[in-house]
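Order of the sequence lines fixes the chain letters, A, B, ..., with proteins taken first and strands second; residue numbering starts at 1 for each chain. Remember, predicted model here, so these are calculated numbers, not experimental data.
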Amino acid sequence: MKLATWNVNSIKIRLPQLLEWLAQKRPDAVCLQETKVDDDNFPVLELQAAGYRPLYFGQRTYNGVALLTRAEATDVIRGIPGYEDEQKRVLSASVDGLRIVCTYVPNGQSVDSDKYRYKLAWLDAFQRWLSRELKTHPKLAVLGDFNIAPEERDVHDPRLWEGRVLFSKPERTAFRALLDAGMKDSFRLFDQPERSFTWWDYRMNAFKRNLGLRIDHILLSDALAGEATSSSIASELRAVERPSDHAPVLTELQ
DNA sequence: ATGGCTTAAAAATTAAGA
């Protein structure tokens with residue numbers, strides 16, 4: 001079973017690339033972030049024609065998540081239950097015996113901003129909810145744009161980024177708390193090339209120079225981690241005409 | 001020169017991303 005996540009930075013702009021990629025890779029479940037459309041404008045028909053059943057939880061202009069599955073998904077939950085949030089960032093469902101959580105973690109803007117405080121409070125609520133979910137759904141996968149580079153090797157220049165948003169100590173501690181709740185970073189279950197990243201700034205030829213961060217992740221519950229057979233970053237999608245600034249991440253289960 | 005692109009809003013700029 002192939003699981004994938006991709007921050008598309010507007011599903012409207014990226015739909016042709018998404019459809020081509022789905023046809024090539026045929027993932028069984030795909031989590032999308034920053035769809036940037038309300039639910040009335042989600043491209044349902046195009047994705048159905050491609051063989052996928054779309055679930056979506058969006059808003060105009062900002063945020064928005066979606067889950068595309070080839071098999072039927074059930075028990076759909078939107079948002080973090082019990083956590084009031086105007087922003088559409090979490091979508092969960094069961095498919096093929098797995099519980100899948102799609103997430104778009106707040107960016108945080110800068111460490112001295114209200115958005116950063118919102119990010120940390122949001123992550124605390126997310127972790128506490130996932131800890132409970134893991135008890136009822138031992139086979140759990142959490143996929144998405146976490147907006148956190150967990151370790152120094154996930155940052156092109158750790159000295160430059162130390163203490164900045166996406167790589168500050170409180171954010172890395174919050175990411176560690178997610179793993180400590182009973183999950184593994186599937187990308188790190190396997191040998192990987194050095195300087196592997198999932199996001200590159202649009203400016204400064206950052207992709208060509210590989211000045212990136214690894215901030216998009218596929219976490220697998222401890223019960224599921226043993227079933228993983230590979231994990232990789234589809235960086236070729238960052239090299240196309242008019243790319244998203246994020247590349248997809250793929251993890252395959254036996 | 002906290003810039004450099006890209007997107008969505010709206011009709012020129014602004015906000016936001018990371």
Worksheet item: With sequence neighbours left out, what residues match A:Glu194 under side chain to side chain contact (heavy atoms under 4.5 Å, CB included)?
Response: none
Item to complete: For the pair A:Arg176 and A:Glu151, find out whether any cationic side-chain nitrogen is under 4.0 Å from an anionic carboxylate oxygen.
Response: no
Worksheet item: Taking the same atom, P, in B:dT6 and in B:dA10, what whole-Å distance lies between them?
Response: 23 Å
Practice prompt. Apply side chain to side chain donor-acceptor pair (under 3.5 Å) to A:Arg70 and list each qualifying residue two or more places apart in sequence or on a separate chain.
Written response: none
Output side-chain donor-acceptor pairs under 3.5 Å for residues 57-65 of chain A, partner residues at least two apart or in another chain, one line each.
from	atom 1	to	atom 2	distance (Å)
A:Gln59	OE1	A:Asn63	ND2	3.3
A:Gln59	OE1	A:Lys88	N	2.8
A:Asn63	OD1	A:Arg89	NH2	3.2

Practice prompt. Using the C1' atom as the reference point in each nucleotide, state the distance between B:dT2 and B:dA18 in Å, no decimals.
Written response: 13 Å
Discussion item. Using atom P in both nucleotides, what's the gap between B:dA15 and B:dA11 to the nearest angstrom?
Written reply: 15 Å
Response to the item:
Taken in chain and number order and not counting sequence neighbours, the residues that satisfy side chain to side chain donor-acceptor pair (under 3.5 Å) with A:Asp40 are none
Worksheet item: If we take the C1' atom in both B:dT7 and B:dA1, what is their distance in whole Å?
Response: 23 Å
Practice prompt. Please state the P separation for the pair B:dA9 and B:dG3 - nearest whole angstrom.
Written response: 23 Å
Practice prompt. Using a 4.0 Å heavy-atom cut-off, write out nucleotides 5-18 of chain B from 5' to 3' as B (base contacted by protein), S (sugar-phosphate only) or - (no contact).
Written response: BSSSS------SBB
Worksheet item: Sequence neighbours excluded, which residues qualify as ring-ring contact (aromatic ring centres under 6.0 Å, His included) partners of A:Trp21?
Response: A:Trp6
